[in-house]
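Written below as structure tokens is the structure these notes are about.
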Amino acid sequence: MTAQYFVWFFCLLPLILPWTNMKLRGKGLVCILLWMAAQGHWLLWGYLLEFKGKNVFLQLWVAGLLFLAANTFVLINIIQQHTYSPVFQQSSYAASKKHVKQR
């Protein structure tokens with residue numbers, strides 16, 4: 001998987017941020033910095049392989065594993081800080097109408 005696919009996930013962040021308890025200070029900043037460092041590390045080895053033609057397959061593989069670990073860490077933290085909120089909720093009017101029909 002190339003770096004562009006991970007960058008595409010950024011468009012989903014505004015959809016989940018209102019329902020998270022993660023603050024920019026602390027874990028939020030750690031997640032951002034860790035993700036950027038892992039992304040930059042992976043891109044460095046990818047650049048050396050593709051543009052410079054260097055034999056860095058092992059380093060790129062290790063960078064890929066580290067990048068996977070960083071993405072997993074960030075995702076776990078987002079899930080742990082998530083506050084459940086139903087998107088579609090039955091209104092009280094519809095619930096009372098359904099209750100009347102069942103009688």
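Nothing fancy with the numbering, it's 1 onward along the sequence. Because only heavy atoms are used, hydrogens play no part in the values below, and waters and symmetry mates are left out as well, while side chains stay in.
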Linking Ile, Leu, Val, Met, Phe, Trp and Tyr through side-chain heavy atoms less than 4.5 Å apart, which residues share a cluster with Leu29?
Leu33

What one should report as the nearest heavy-atom pair of Phe57 and Leu49 is CZ-CD1, 3.6 Å

Value for CG (Leu44) from CD (Gln39), rounded to nearest 0.5 Å, stands at 12.0 Å

In Å, rounded to the nearest 0.5 Å, how long is the span from CG of Leu48 to CG of Asn55?
11.5 Å

Identify, with sequence neighbours excluded, every residue that meets ring pair (Phe, Tyr, Trp, His ring centres under 6.0 Å) alongside Phe51.
Tyr47

Contacts of type side chain to side chain contact (heavy atoms under 4.5 Å, CB included), residue Phe73, not counting sequence neighbours
Val30, Cys31, Leu34, Asn77

Test Phe67 against Trp35 for side chain to side chain contact (heavy atoms under 4.5 Å, CB included), laying out the working first.
CA-CA 8 Å; Phe67 191 52; Trp35 190 90; 4.0 Å; yes

Report the residues that fulfil side chain to side chain contact (heavy atoms under 4.5 Å, CB included) with Leu75, sequence neighbours left out, ordered by chain and then residue number.
Ile79

Would Trp61 and Trp45 show up in the same hydrophobic cluster when neighbours are defined by side-chain heavy atoms closer than 4.5 Å?
no

Who are the side chain to side chain contact (heavy atoms under 4.5 Å, CB included) partners of Leu66, not counting sequence neighbours?
His41, Val62

How long is the span from the CD atom in Gln80 to the CE atom in Met22, to the nearest 0.5 Å?
8.5 Å

With clusters defined by side-chain heavy atoms of hydrophobic residues (ILVMFWY) lying less than 4.5 Å apart, directly or transitively, does Leu60 cluster with Leu65?
no

By side chain to side chain contact (heavy atoms under 4.5 Å, CB included) - contacts of Asn21 (at least two apart)
Gln81, Thr83

